[in-house]
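Worksheet for the structure shown next.
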Amino acid sequence: MIRDYKIVLASASPRRRELLSQISLNPVIEPSTVIEVITTRVPEDAVMELSLQKAEDVARHQQPGTIVIGADTVVAAEGKILGKPKSHQEAYEMIESFQGKTHQVFTGVTLIYCGTNGTTVRSFAERTDVHVYPMTPEEIRLYAEDEEPMDKAGAYGIQGRFAAFIKGIDGDYSNVVGLPVGRVYQELKQICEQEEKA
Ligand SMILES: Cc1cn([C@H]2C[C@H](O)[C@@H](COP(=O)(O)OP(=O)(O)OP(=O)(O)O)O2)c(=O)[nH]c1=O
């Protein structure tokens, strides 16, 4: 059973911790300190690559019987990968590029099971399509000036004030917030079942 394992979340994101506690998983928080390197421009591959780097960094110093979760979220809009904005101006430009349109949010997740005879690694990427209402330059400016977009991929938080501009989504909502918890739970269950059979 999942509760027989120690779960470590290799992330500083409070949203990811909250999403796991929503499904009664209360992980130990150990953010990774790895320098993130992307070697691809394909968003689903990039988020898996980054989630693997974060999970591997933290898995290195774990005891057997631990499962480490690493994750990374990006927005893909108009052929570009958008991470966190570096300035309010950049936040404005990101939102301007996808207002009135549909973009994709990808979260990559890596689960590493640390066993007595080595490790098991599983990575996957989950996609959600997000439809955004047209926004006026004033609406974009007021939102981009706020602190809310600054620590978020694509410069918005669907769970925050930006909800005013969300027309709809196709896919998992929790994936947009930073962790597709349903899929994470199913994958964790499979790791535990495999270990119990072995
Ligand atoms: C699109 C979107 C992203 N986000 C967040 C999820 C992620 O926390 C963040 C993307 O940054 P990430 O680099 O994926 O994660 P992080 O830096 O917050 O945490 P860590 O690297 O330690 O795991 O954007 C929202 O909260 N709401 C949204 O609507």
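Just so it is clear, the values below take in all heavy atoms, side chains as well, and ignore hydrogens, waters and symmetry mates. Keep in mind that what you see is a predicted model, and the values were worked out from it rather than measured. Just so you know, ligand 1 is whichever comes first in the structure, and atom 1 is the first atom listed for that ligand.
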query = Is it true that the side chains of Gln194 and Gln190 contain a donor and an acceptor less than 3.5 Å apart?
reply = no
query = Are Glu49 and Thr39 close enough that a side-chain donor and a side-chain acceptor fall under 3.5 Å?
reply = yes
query = Do Tyr113 and Tyr5 make the cut of ring centroids closer than 6.0 angstrom?
reply = yes
message = Here's a test for you: under side-chain contact (heavy atoms from CB on, under 4.5 Å), which of Asn175, Thr102, Ile158 qualifies with Ile169?
response = Ile158
query = Considering only heavy atoms, which protein residues lie less than 4.0 Å from any atom of ligand 1?
reply = Ser11, Ala12, Ser13, Arg15, Arg16, Lys54, Ala71, Asp72, Thr73, Lys84, Asp151, Lys152, Ala153, Tyr156, Gly157, Ile158, Gln159, Val176, Val177, Gly178
remark   = d(Glu147 CD, Lys152 NZ) to nearest 0.5 Å is 9.5 Å
task = Would you tell me whether Glu30 and Gln62 have side-chain atoms, one donor and one acceptor, within less than 3.5 Å of each other?
result = yes
